[in-house]
Amino acid sequence: MKGRGFVDAFFDVLITVSRYALLLIAVYVVARVLMAMFFKKTTNPVRGRLINAVTGEVITLRDNEISIGRNKNCDVVLGFDTISRLHAVIAYRNKGFEIFDTNSKSGVTVNGEKIKGKASLVKGDVVGFGGLEYTLTVNKFRYIKDKSSKIAQPGYMLILTLLTVFNLLTLLLTSFPQGQFEFMVASAFLGMILTMWGYYFFASLVLRITNFELESIAFLFSSVGLGIVASMYPEGALKQFFAIVIGVLGFCFLLYTLRFLDVIKVFRYILGAGAIGLLAVTLIIAEPTNGALSWINIGGVSLQPSEFVKVAFIFVGAVTLERLQSVRHLTMYIAFAAICVIELFLMYDFGAALIFFFTFVVIAFMRSGDIRTIMLICIAAALGAVLILLFKPYVAARFSGYMHIWENMDTTGYQQTRTLIYSASGGLLGLGLGNGELRHIFAAAEDLVFGVVSEEFGLIMGFLIPLTYAFVAVATVINAQKAKSAFYAISGVAASSLILFQTMLNVFGVTDLLPLTGVTLPFVSKGGSSIICCFCLLAFIKSVDVRTFSNFKVIEAEEVSDVRFESEE
């Protein structure tokens, strides 16, 4: 009996230590990768120059695209009547410089010949914009290793080791309290560990990626979600894990294909038509689930098509508005976005409709910069929403409990009041995985998962998730200023904004700060479609970072003495 008591006491201590260790690991991993994102050292070398032999004016060309035109928002402003508002764009690609005529009135010439659409440039070419001529010079480079500060080097092997420990401890917490070993649960966590390490070596050796901050965050929060699913639905652990694997594969595929901008741009019409068609098919064949027509069943597998459409929505918007060649392009995207949002309203998927509309506003503003136009769009959308609420009473009924949850604790406010009560009961450090009461409420692992995390992992972990997404969004906006393409900048900022806005809808919805719309918490909520979508969106965010598509750092030879770098190898 004494021996048995000693064993029980030992496991009690082990479980307690494991609970606190999970929180410490999560805080450390997030802190280190965020520091790496904000304190990283990147170079944006001068690749070449356009020199006007008459005036001596110099246009500096770097890794990122350079827009040239009469508009004050262009990178290079040429204030002549012969210059269009957006006349041309010059970009540095892997094979050298390329120039794009953005439907200018007077055209763009290379060595005296007018180009059609785009043309490649080499050293000595004479480029003309509306009568102004510039000669291209190309700088010589030597390849050197970038020496960043230690604060920007989180040590990814250590991060992966800590994430491995995190998954093993989570497996311990999901197995021992129940007193039984679940093969599917153990397989899911061990598979998660192999997936993380496998991705790290594949990305390092094949994709030649050296920055893993975003992936570390995604793996951490996916592990949190896997732990919640495994503790509540052991039979669903493998399904959640397989969704993570598919998401990682989708992330790798998308990240690789995004390297080839000239190739992927031709797919925007296919993806746009496919997105509209997929939502239309869902509207027709979907069976009502919790009042919405959002899910379809294929071979016994439930899918939420709107999650996959999010990826296409951002892709189409970024490609269409990359250079904003004409008002026609903006009109086309407005029509595309309007059709998607209307279909989602007809499906009663109001949360997704809000997310799509918000993403559209971000993309439109990123390219136009016209606040008045965006305000008019928002006002028109608000009037449309008011009309829907007036003429469709059943829609208004879905939001009737907003700001009145405590008056309707056992009816319309049942989920939110329990979320608030149980979240607070967990305190800062939580009650431990599997020890919460909120998990017994309907949709606890989906819509209410923020409350489950706060109750069982602690309020520190609960607020760590939305704060991390907010910092990622800020870092993406900063990176967008040096992005190698406007496509990367637009798609990356839109994707990070989407994830942050969806997180706000989830967190504020379950806490009654916003109406409850039933959207998932990115990477954490139960649901394969959501997990896959989030990993794919991560590829857009990662493409903004100039380190992602650079196998080595480059700098002009004459500037080496001014910067602290390691010597040539």
Side-chain angles (χ1 to χ4, degrees), residues 46-55 57-138 258-269 272 315-333 363-364 366-370 483-491:
V46 177
R47 294 282 185 177
R49 295 176 177 87
L50 289 174
I51 303 175
N52 189 309
V54 178
T55 64
E57 181 184 8
V58 176
I59 298 176
T60 302
L61 306 177
R62 297 183 180 273
D63 268 350
N64 54 307
E65 292 179 341
I66 303 294
S67 59
I68 301 173
R70 201 173 69 249
N71 192 309
K72 63 180 181 179
N73 292 324
C74 291
D75 298 310
V76 177
V77 179
L78 301 177
F80 297 90
D81 293 337
T82 56
I83 303 296
S84 300
R85 289 177 58 80
L86 178 59
H87 199 99
V89 171
I90 299 180
Y92 183 83
R93 300 292 187 237
N94 294 332
K95 296 181 180 180
F97 287 106
E98 290 184 350
I99 187 167
F100 301 84
D101 183 354
T102 54
N103 288 346
S104 61
K105 294 180 181 179
S106 57
V108 176
T109 62
V110 176
N111 298 325
E113 295 184 7
K114 193 172 183 179
I115 69 171
K116 295 181 179 180
K118 70 174 183 177
S120 298
L121 299 176
V122 296
K123 182 179 179 180
D125 281 345
V126 178
V127 183
F129 312 104
L132 302 174
E133 292 190 338
Y134 297 80
T135 302
L136 176 66
T137 64
V138 179
L258 286 177
R259 296 170 183 255
F260 311 104
L261 287 176
D262 294 337
V263 177
I264 64 174
K265 289 175 183 177
V266 302
F267 294 107
R268 71 176 182 269
Y269 295 111
F315 181 92
V316 172
V319 171
T320 303
L321 301 182
E322 182 191 13
R323 296 190 183 91
L324 201 60
Q325 296 176 5
S326 65
V327 177
R328 179 174 61 89
H329 285 123
L330 180 58
T331 304
M332 289 172 57
Y333 187 58
I363 292 176
M366 277 283 294
R367 210 58 190 113
S368 68
D370 189 347
K484 293 175 72 67
S485 168
F487 171 83
Y488 295 145
I490 295 172
S491 61

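Since the model is a prediction, treat every value here as computed from it, not as a measurement. Here, residue 1 is the first one in the sequence, and each next residue gets the next number.
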[X] [atom1] to [Y] [atom2] distance, which is reported to the nearest 0.5 Å:
| X | Y | atom1 | atom2 | answer |
| --- | --- | --- | --- | --- |
| Ile66 | Leu50 | CD1 | CG | 9.5 Å |
| Ile59 | Leu132 | CD1 | CG | 8.5 Å |
| Ser106 | Lys114 | OG | NZ | 7.5 Å |

Excluding sequence neighbours, so at least two apart, what forms side chain to side chain contact (heavy atoms under 4.5 Å, CB included) with Val126?
Asn111, Glu133, Thr135
Test of understanding: with side chain to side chain contact (heavy atoms under 4.5 Å, CB included), list the residues that count as partners of Lys105, not counting sequence neighbours.
Ser84
Hey, does [Y] have a side-chain heavy atom less than 4.5 Å from the side chain of [X]?
| X | Y | answer |
| --- | --- | --- |
| Ile99 | Phe129 | yes |
| Asn71 | Leu86 | no |
| Asp125 | Phe97 | no |

Would you call the rings of Phe315 and Phe487 parallel, tilted or perpendicular, taking 30° and 60° as the class edges?
perpendicular
Of all the heavy-atom pairs spanning [X] and [Y], show the shortest one and how long it is.
| X | Y | answer |
| --- | --- | --- |
| Tyr333 | Val316 | CE1-C, 4.3 Å |
| Glu65 | Lys484 | CG-O, 3.4 Å |
| Ala483 | Tyr488 | CB-CB, 4.2 Å |
| Cys74 | Ser67 | CA-OG, 3.4 Å |

Partner of Val89 by side-chain contact (heavy atoms from CB on, under 4.5 Å), out of Ile68, Thr102, Asp101, Asp75:
Thr102
Any donor-acceptor N/O pair, [X] side chain to [Y] backbone, under 3.5 Å:
| X | Y | answer |
| --- | --- | --- |
| Arg70 | Ile83 | yes |
| Glu57 | Asn52 | no |
| His87 | Gly107 | yes |

